[in-house]
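First up is the structure itself, then whatever we jot down about it.
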Amino acid sequence: MNAIGYAAVAGQVVVVGAGAPLLTGWMRQVRARLEGRAGAGVLQPWRDVRKLLRKEPITPVGTGPAFRAAPAVLVATTVVAAGLVPLLSTDTPVSGHADLVVVVALIALGTLTLALAGLDTGTAFGGMGASREMTVAALVEPTILLSVFALSIPAGTTNLPRIVSGAVHEPGRLASPAGLLATAALAVAVLAETGRLPVDNPATHLELTMIHEAMVLEYAGPDLALVELGAQLRLTLLLGLLSSLFVPWGIATSASWAALGVALVAFAAKLVLLGAVLAAAEVCWAKVRLFRVPELLAGSFLLALLAVTSSYFLSGAS
């Protein structure tokens, strides 16, 4: 494998790591402008991380290894997944290991460790948030698997780079009923997995309604910085996965510095556009009631199942 492949993997990790806070700041700025506010600026999430890193770490009395290890595990699993998912190139040294099941397992591992940390605190809100998070994850993870599996049937593999490469050369797959159903299902799953409206409100601090924030109430200082950075990384990674699977144009499919540069610009443009659309939609959406969330996620799971079924019959007919 030449240097271009290694540069692509490093570029994916660096772009996701450095761009995640910027994407969050961009979305907050778009939302603020639409609501008639000035906003804190695109760089505000980076300022928040810097401020938290300067504070003294505080560990609640009675917590164990799960609480202390969760922030690092959350960031580490997301960074590894960012290196595997074909965000910039499908020709990398890790392309053979970038399987759908592996990527979803890494995402689920970060969710599980954070839920265990919420339980480890022994507080009512931590346990409540962990329970809600695992309820959501039980429906979200199968939806992600099925929605991408619908695209893997015509490709004949669950390897993500090969799925993306096949979609680049055969764009008709994405315009099929299976592709459209899978797009809708994965979009809802991404909203739920990242704790966005209408499933969860990342800006709320009302304990009776929040999910993600309830699990991290006891974190402070550098640990809280890692938790916030991990959430931003997951948002960037999942939006990147959504764009790579369903808008794959611009991704480098060959070892070329020029193609890699074009892929970097295209990836940044896709994230900026998706972030703006999501932020604008959140201005118009309201958070659904908690007992209605399983109904919403069950609907997305049904869409993913229909996508798999239609993909199977369409592949058999062809």
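Just so you know, these numbers come straight off a predicted model, no measurement behind them.
Counted by atom type alone, D99 and T158 present one or more donor-acceptor pairs between their side chains at under 3.5 Å.
Counting only heavy atoms from C-beta outward, the side chains of F149 and S311 never approach each other to under 4.5 Å. Residues P248 and T90 have side chains not in contact (no heavy-atom distance under 4.5 Å, counting atoms from C-beta outward). Considering only heavy atoms from C-beta on, D200 stays 4.5 Å or farther from E213 through its side chain. By the 4.5 Å heavy-atom criterion applied to side chains, E133 and T111 are counted as neighbours. Between W26 and L22 the shortest side-chain heavy-atom distance does not fall below 4.5 Å. At a threshold of 4.5 Å between non-hydrogen side-chain atoms, the residues M215 and R132 do not count as touching. Residues L235 and R196 have side chains in contact (heavy-atom distance under 4.5 Å, counting atoms from C-beta outward). With a 4.5 Å cut-off on side-chain heavy atoms, P86 and T92 do not count as touching.
Remark: the backbone N or O of A82 is paired with a side-chain donor or acceptor of Q12 at under 3.5 angstrom. Checked by atom type and distance alone, the side chain of R234 never pairs as donor or acceptor with a backbone atom of T78 at under 3.5 Å. A donor-acceptor pair under 3.5 Å is absent between the side-chain atoms of E282 and the main chain of P198, judged by distance alone. Within the 3.5 Å criterion, the main-chain N or O of A20 finds no donor-acceptor partner in the side chain of Q232. Under a 3.5 Å cut-off, the side chain of S131 and the backbone N or O of G127 do not form any donor-acceptor pair. Of the possible donor and acceptor atoms, one in the side chain of T143 sits under 3.5 Å from a partner among the backbone N and O of L139. When atom types are taken as modelled, the side chain of D91 and the backbone of A252 share no donor-acceptor pair closer than 3.5 angstrom.
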Criterion side chain to side chain contact (heavy atoms under 4.5 Å, CB included) on D120 and L116, from CA distance to verdict: CA-CA 6 Å; D120 198 19; L116 289 176; over 6 Å; no

Run the numbers on L245 and I163 for side chain to side chain contact (heavy atoms under 4.5 Å, CB included), then give the verdict. CA-CA 8 Å; L245 289 173; I163 293 174; 4.2 Å; yes

As a quick check of understanding, evaluate side chain to side chain contact (heavy atoms under 4.5 Å, CB included) for V15 and T236, giving each step before the final call. CA-CA 10 Å; V15 168; T236 306; over 6 Å; no

Walk me through whether T123 and L217 qualify under side chain to side chain contact (heavy atoms under 4.5 Å, CB included). CA-CA 10 Å; T123 62; L217 283 175; over 6 Å; no

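In this structure, H97 and P93 approach most closely via the heavy-atom pair CD2-O, 4.5 Å. Across all their heavy atoms, L88 and A8 have their closest contact at CD1-O, 4.1 Å. In this structure, A117 and A66 approach most closely via the heavy-atom pair CB-O, 3.9 Å. Residues G110 and T77 come closest through the heavy atom pair CA-OG1, 3.9 Å. Here the closest non-hydrogen pair linking E35 and R37 is OE1-NH2, 2.7 Å. When all heavy atoms are compared, the tightest approach of V140 to E193 is CG1-OE1, 3.2 Å.
Residue L100 holds its CG atom at 12.0 Å from CG of L84, rounded to the nearest 0.5 Å. Residue L146 holds its CG atom at 11.0 Å from CG of L303, rounded to the nearest 0.5 Å. Atom CZ of R162 and atom CG of L160 lie 11.5 Å apart (nearest 0.5 Å). Note: T194 OG1 to L278 CG = 7.0 Å, rounded to the nearest 0.5 Å. Atoms CG and CG, from D48 and L53 in turn, are 11.0 Å apart once rounded to the nearest 0.5 Å. Atoms CD1 and OG, from I251 and S244 in turn, are 3.5 Å apart once rounded to the nearest 0.5 Å.
E56 CD: 12 or fewer foreign heavy atoms inside a 6.0 Å radius. Crowding of R292 atom CZ: a count of heavy atoms from other residues, nucleotides or ligands under 6.0 Å not exceeding 12.
In terms of hydrophobic clustering, with Ile, Leu, Val, Met, Phe, Trp and Tyr side chains grouped at heavy-atom distances under 4.5 Å, M134 and I107 are assigned to different clusters. Hydrophobic clustering of Ile, Leu, Val, Met, Phe, Trp and Tyr side chains at less than 4.5 Å, counting indirect connections, keeps F125 apart from V227. Hydrophobic clustering (side-chain heavy atoms under 4.5 Å, transitive across Ile, Leu, Val, Met, Phe, Trp, Tyr) keeps L114 apart from V49. L180 and F301 fall into different hydrophobic clusters, where Ile, Leu, Val, Met, Phe, Trp and Tyr are joined by side-chain heavy atoms under 4.5 Å apart, directly or via other members. Connection of L239 to W285 is established within a shared hydrophobic cluster, with ILVMFWY side chains joined at heavy-atom distances below 4.5 Å, either directly or through further cluster members.
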